[in-house]
Amino acid sequence: MIDQRHRNEAPRLALRLPVPAAAARALVLAAVFVCAACGLVYELELVALASYLVGDSVTQASVVLSVMVFAMGCGSLLAKRLRGRAAAAFAAIEAGLALVGGLSVMVLYGFFAWFGQATPAMVGCAFAIGVLTGAEVPLLMTLVQRIRRQDAGGAVADLFAADYVGALVGGLAFPFLLLPHFGQLTGALATGVVNAAAGGATVLWLFRGDLSRRARGWLLVANVLVLAVLAGAAAAAGPFERAARRAVYGGDVRVAEQSAVQEIVLTGGESGGRPLRLYLDGRLRVSGPATARYAQALVHPAMNGPHARVLLLGGGDGLALREVLRYGDVAEVTAVQPDAELLRLARADPGLSALNGHAYADARVRAVTADPFDWLRGLRGDGPGSYDVIVADLADPGLSRSAKLYSQEFYGLAARALAPGGRLAVRAGTAAGAARTFWTIDATVRAAGLRTSPYWLPADSRPADSPDQAYLLAARSGAPRLALPPGTPPTLTPPALRLAARAPLPTRPSRALPPSTLLRPRIPAS
């Protein structure tokens, strides 16, 4: 039943408006548009950062969305008690939302950096933002009806049209404007400033006649304080990021960039200092020369046979590419890397380029910036391909956005690109504690028509830097023999490879596991 308590206030309030009723209504709908855009940006900021920090973007998105929707319901119920002072309540809620939403990224990253836990902060921020966002629409509905009374259906349609269009703009602004040009931290703070300005201006100017002088003073002070806090946080963003990175990565961070694909951090690598380490989305990818043995274990068994033409999928750090180029009879290497910024660092950073032996400067290498799945799909021809060796050195299978790169469809595309007698080498993540995921990848490769030889390279004496790694070598005609060709570095020996071939056997499941597909992703498997 529609609340009728404020029906007799509409004429009185309309006379107090500084603009005609039609213009006032348009301004309120514009405020709805801006607030909806800001609210969706806060939501996307939380999902994106939680995915970077915790991993498994599907889970993080599900948690954030479900908590926020539940909290919005709570906020809508709360707003019922505030409709009698709708203007003041709306201004206060927007100030609170701007403060919480604007600082949410800083809070989430701070919890991760200094306490090692991002989930409690993520849930708390999502709930607070959801409560405040849920209270917006009932209060705005009341304000719209006070300007000019109309049927409830028409008012709701206008309000939600502005809300949904604002959400569209906010959803597009986050990946195409805020994230690439401002970054997550500054982008969230800038969104908070816009949110506070829109909410405060709407009430303090358009509905000032509905407020006492004292209420106007308090709201003005509150909005100024919120803007001051956000401005102070923006000024401290640089030192905060550096301090948080030191807490996470140590004190020798040399490069910290957010590319269009992932966060890239390089530490150490300077003469006399710590070994170079490369972190992608917070996960250690390269740890000095010790990492070379894992690239060798991936590449050299696959090179036992014809290897004139090689396709490298991923491996933007260049370590696997360096191993491929050890063979003088390799005529051509096509390196498909989705992250142009990582490719640039592999070429230009002194520490990383030295570690990969300046592999990208070799005349035999053709580097392509593209999504590996899309690139394989774009290869023409229904017959057998022309690559003797394909090396899949891709993002860890524990990341949801990489699930398509461990799907039956992806391996089917890779199998199509193999020449007769060609081999596919797959880096299948960390073996310890993830045996089911590994055997699911094995089942997926086999479902694509390939036969596999699994092997695990055990950890060396520094498990923190060098965990055990899992691999698959696959071919069409039959399970390829695990052997090393001439030219393999002495750090990888035939006895070590035989040990690696035996390592996964005790964990093989008794029943066949279903493959992972695009419509039924099973990576990671638990």
Side-chain angles (χ1 to χ4, degrees), residues 41 44-55 57 105-106 108-110 112-113 118 173-190 233-270 273-288 291 314-319 321 335-356 358-360 367-372 393-396 399 401-402:
V41 168
L44 294 175
E45 292 276 8
L46 286 177
V47 171
L49 186 59
S51 299
Y52 293 157
L53 301 180
V54 182
S57 56
V105 170
M106 184 174 281
L108 186 56
Y109 195 51
F112 174 77
F174 174 69
F176 297 114
L177 175 64
L178 294 174
L179 191 58
H181 295 290
F182 293 91
Q184 288 201 278
L185 180 53
T186 306
L189 294 170
F240 171 82
E241 287 190 69
R242 289 191 292 272
R245 286 197 183 104
R246 283 196 299 270
V248 175
Y249 302 111
D252 55 351
V253 175
R254 294 193 296 104
V255 176
E257 298 183 10
Q258 177 65 57
S259 73
V261 178
Q262 60 202 337
E263 182 190 49
I264 305 171
V265 175
L266 277 173
T267 69
E270 297 176 330
R274 291 170 55 191
L276 181 141
R277 294 187 180 187
L278 170 65
Y279 296 86
L280 301 179
D281 281 345
R283 292 163 179 82
L284 183 63
R285 174 76 178 192
V286 173
S287 180
T291 313
D317 50 57
L319 298 187
L321 180 59
V336 181
Q337 167 56 233
D339 193 342
E341 182 58 25
L342 180 57
L343 192 61
R344 185 192 68 80
L345 287 171
R347 285 171 165 153
D349 181 80
L352 188 55
S353 62
L355 193 61
N356 64 40
H358 304 280
Y360 285 102
V368 179
T369 301
D371 178 83
D393 189 14
L394 299 163
D396 289 339
L399 298 175
R401 68 169 179 268
S402 69

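Worth knowing before you read on, the calculation uses all heavy atoms, side chains too, and leaves out hydrogens, waters and symmetry mates. All figures in this text were calculated on a predicted structure; none of them were measured in a lab.
Ring-plane geometry between Tyr109 and Phe240 is classed as perpendicular, the angle between the planes exceeding 60 degrees on a 0 to 90 degree scale with a lower cut at 30.
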Problem - Residues Asn356, Asp317; criterion side-chain contact (heavy atoms from CB on, under 4.5 Å); working and verdict - result: CA-CA 7 Å; Asn356 64 40; Asp317 50 57; over 6 Å; no
Exercise for the section: Starting from the C-alpha separation in whole Å, work towards a yes-or-no answer on side-chain contact (heavy atoms from CB on, under 4.5 Å) for Glu45 and Val47. Expected result: CA-CA 6 Å; Glu45 292 276 8; Val47 171; over 6 Å; no
Exercise for the section: Show the numbers, then the answer: is there a side-chain contact (heavy atoms from CB on, under 4.5 Å) between Gln262 and Asp339? Expected result: CA-CA 8 Å; Gln262 60 202 337; Asp339 193 342; 2.8 Å; yes
Exercise for the section: Check the pair Val286, Leu276 against side-chain contact (heavy atoms from CB on, under 4.5 Å), reporting the backbone distance first and the verdict last. Expected result: CA-CA 7 Å; Val286 173; Leu276 181 141; 4.2 Å; yes
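Residues Ala244 and Ala113 approach most closely at O-CB, 3.7 Å, considering heavy atoms. Closest of all the heavy-atom pairs between Leu343 and Ala367 is CD2-CB, 4.1 Å. Scanning both residues, Pro275 and Gly288, for their nearest heavy atoms gives CB-CA, 4.0 Å. Between Gly316 and Ala346, the shortest heavy-atom contact is O-CB, 3.1 Å. Shortest non-hydrogen contact noted between Ala188 and Val105 is CB-CG2, 3.7 Å.
Residues Met106 and Leu185 form a side-chain contact, since some pair of their non-hydrogen atoms from C-beta on lies under 4.5 Å apart. Side-chain contact between Pro372 and Pro338 is present, with at least one heavy-atom pair separated by less than 4.5 Å. No side-chain heavy atom of Leu266 sits under 4.5 Å from any side-chain heavy atom of Val253. Taking 4.5 Å as the limit, some side-chain heavy atom of Glu341 sits within range of a side-chain heavy atom of Ile264. Looking at heavy atoms from C-beta onward, Arg344 lies out of side-chain contact with Tyr360 at the 4.5 angstrom threshold. Counting heavy atoms from C-beta on, the side chains of Gln337 and Val368 never come closer than 4.5 Å.
Of the inter-residue distances, the one linking Leu319 atom CG with Arg285 atom CZ reads 8.5 Å to the nearest 0.5 angstrom. Atoms OG and CG, on Ser402 and Asp396 in that order, are 7.5 Å from each other to the nearest 0.5 Å. In this structure, the separation between CZ on Phe112 and CG on Leu53 is 5.0 Å, given to the nearest 0.5 Å. Here the CG atom belonging to Leu345 is positioned 7.0 Å from the CG atom belonging to Leu352, to the nearest 0.5 angstrom. Considering CD of Glu241 and CZ of Arg246, their distance stands at 12.0 Å, rounded to 0.5 Å.
Listed by chain and residue number, Arg254 satisfy the salt bridge (charged side-chain N to carboxylate O under 4.0 Å, His left out) test with Asp349 (two or more places apart in sequence, or in another chain).
In summary, of the residues considered (Leu342, Thr267, Val265), a side-chain contact (heavy atoms from CB on, under 4.5 Å) with Leu278 occurs for Leu342 alone.
Listed for the Ser353 side chain is a donor-acceptor partner under 3.5 Å among the backbone atoms of Pro350.
Judged as a salt bridge (Lys or Arg N to Asp or Glu O under 4.0 Å), not a single pair has a partner in residues 259-269 (not counting sequence neighbours).
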